[in-house]
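First up is the structure itself, then whatever we jot down about it.
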Amino acid sequence: MNSVRVRFPPSPTGFCHVGTARMAIVNYLFARKNNGTIIFRSEDTDKERSTREFEDDIKDSLTWLGLSWDEFHRQSERIDVYRAEIEKLIDEDKAYVSDEESKKDPGTMVSVIRLRNSGKTITFTDVIRGDISFDTTELKDFVIARSKDDPLYHLAVVVDDAAMGITHVIRGEDHISNTPRQILIQEALGAKRPMYAHYPLHLSLDRAKLSKRKGDVAVKNYREKGYLPQALLNYLATLGWTAPSGREVLSLDEMVQEFELSDLHKSGAVFDVEKLRWFNREYMLKLSDSAFASEALSWLENSLTHLNWNESIAKKIIPLVRERISVWSDIHEQSMNGEYDYFFVQPSVEAHLIPMKKISAAKTAEHLRDIKTLLEALNVFDVSSIKDALWPYATKEGRGAVLWPFRYSLTGKEQSPDPFLVASILGKDETVRRVSKAIASLS
Ligand code: GLU
């Protein structure tokens, strides 16, 4: 039996793009489902644009997502292999050295290596798209290397796919037009044709190609924003694939179990950050309270640097934070918007905003004085005791008339969580202090 061998062949010319991650995920699921082997091949023949930093970032990002591979190769270390194949093609007169005028630099002569192309029609079967035919006449005798030691992408890919025994080439449909050239080279080399599967690319919300200008494209951007790797992995996997069970939230192992190449969608998916946030929230809900708390605390501490850090208050607001975020970086944004400031410092309140509409300042001051008396009598100061103490009074006097000024006195904000929760976090002394201050500003 022909055991499955697939490849992750990124070109290390940029940070790991989410499209590269999708390519790796699809290949990973297919290989692991079929007990196959995964070959990571760093396609770094473009010397000007390839860097080790980008290669490391791609390895790191894929590992962070939970992916792995079985073999690693670097094309720049295989120049001898390509040279031998180029020489063989020239010896067999399937390719030739051509001295011609440089296109880049008119007037100067260069020598390149071209493949002899008879211009036949190439037909291949794509697992996702069915039979595809190309008339290769227009490709003419295309260039496969700038010199024997400087192979171009198509040659290196074909030589490597053959040498590494690749059985399935699974990649985005932006590579479909490369396939006829690669098959021509394969045939010249006498190499076996792998199975091809070209899946549709994903697009940004406006259906344009995902680009830097339109938002984050690198895995590391999502990592830095505090997305969980399982959530990004799950989202990217299901972007162009639906599990037969219909489940959306799946672990990597569960995806492997359910994966079939033929279930990949035939039309392009849209990369929707809101949907990714939904996945992330799902995975955040699975975190234990203590795991959530320790990460949330460090995000709070790093984001609230404009305030005096108060760890005990910070710990108390964790449950509230947990309800309000989908991604860790939401903590940063909310903090920058001042949404947590009033827990740490007395807010400034504007006297005219304290009373509810249509209620006089005098009446509001009276309500706040009564609230203060009721709160001062409490021995236990948790959400339910505070609520039990104030609710009958608020019901009698009008909930808005009583609770609006109470909440606003504590937070200085027109929108904020309910005042019982806020008061319980601030504690009795601070709550009473803020209510007193509001009373004073009303007189
Ligand atoms: N190195 C190529 C790229 O990053 C992929 C090659 C292939 O899938 O055949 O676009």
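Quick caveat: nothing in here was measured; it's all calculated off a predicted structure. Residue numbers count from 1 along this sequence.
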- For Tyr342, enumerate each residue passing the ring pair (Phe, Tyr, Trp, His ring centres under 6.0 Å) test, keeping only those at least two apart in sequence or located in another chain. none

- Task: Determine, for Arg407 against Asp418, whether the closest basic-nitrogen to carboxylate-oxygen distance falls under 4.0 angstrom.
- Result: no

- Query: Going by heavy atoms in the side chains, are Tyr153 and Glu43 under 4.5 Å from each other?
  - Reply: yes

- Item | Salt-bridge contact Asp91-Lys88 (side-chain N to carboxylate O under 4.0 Å) | no

- Do we see a donor-acceptor contact under 3.5 Å between the side chains of Ser245 and Glu258? yes

- Task: Taking side chain to side chain donor-acceptor pair (under 3.5 Å) as the test, write out the residues that go with His306, two or more places apart.
- Result: Asp341

- Message: If the threshold is 4.0 Å, N to carboxylate O, is there a salt bridge linking Lys413 and Glu339?
- Response: no

- Could you tell me whether Arg41 and Glu71 make a salt bridge, using a distance below 4.0 angstrom between a side-chain N and a carboxylate O? no

- Item | Identified salt bridge (Lys or Arg N to Asp or Glu O under 4.0 Å) counterpart of Glu187 within the set Lys120, Arg116, Lys94 | Lys120

- May I ask you to check if Lys59 and Phe54 form a cation-pi contact, with NZ or CZ under 6.0 angstrom from the six-membered ring centre and within 45° of the axis? no

- Task: Check whether any side-chain heavy atom of Arg7 lies under 4.5 Å from a side-chain heavy atom of Met23, and answer yes or no.
- Result: no

- Item | Check: Phe271 ring centroid to Tyr235 ring centroid under 6.0 Å | yes

- Close aromatic pair by centroid cut-off 6.0 Å: Tyr283 and Trp278: no

- Across all chains, not counting sequence neighbours, the side-chain contact (heavy atoms from CB on, under 4.5 Å) partners of Pro229 are Trp64

- Message: Can a side-chain donor-acceptor contact be found between Tyr82 and Asp149 if the only test is distance below 3.5 angstrom?
- Response: no

- What class does the angle between the rings of Phe259 and Phe30 fall in, given that below 30° is parallel, 30 to 60° is tilted and above 60° is perpendicular? perpendicular

- Query: Is there side-chain contact between Tyr196 and His175, with heavy atoms separated by less than 4.5 Å?
  - Reply: no

- Only one of Leu139, Thr121, Ile176 forms a side-chain contact (heavy atoms from CB on, under 4.5 Å) with Phe134, so which one is it? Ile176

- Query: Is the shortest distance from a Lys or Arg side-chain nitrogen in Asp161 or Lys192 to a carboxylate oxygen in the other one below 4.0 Å?
  - Reply: no

- Message: Closer than 4.0 angstrom, basic N to acidic O: yes or no for Asp216 and Lys225?
- Response: yes

- Message: Centre-to-centre under 6.0 Å for Phe40 and His73, is that the case here?
- Response: no

- Summary of salt bridge (charged side-chain N to carboxylate O under 4.0 Å, His left out) pairs that have at least one residue in residues 122-133, sequence neighbours excluded: Arg129-Glu173

- Query: Does Phe142 have any ring pair (Phe, Tyr, Trp, His ring centres under 6.0 Å) partners at least two apart in sequence or in another chain, and if so, which?
  - Reply: none

- Does the distance from a Lys or Arg side-chain N to an Asp or Glu carboxylate O, for Arg52 and Asp44, drop under 4.0 Å? no

- Query: Would you call Arg223 and Asp60 a salt bridge, taking side-chain N to carboxylate O under 4.0 Å as the test?
  - Reply: yes

- Item | Partners passing side chain to side chain donor-acceptor pair (under 3.5 Å) against Lys286 (at least two apart in sequence or in another chain) | none

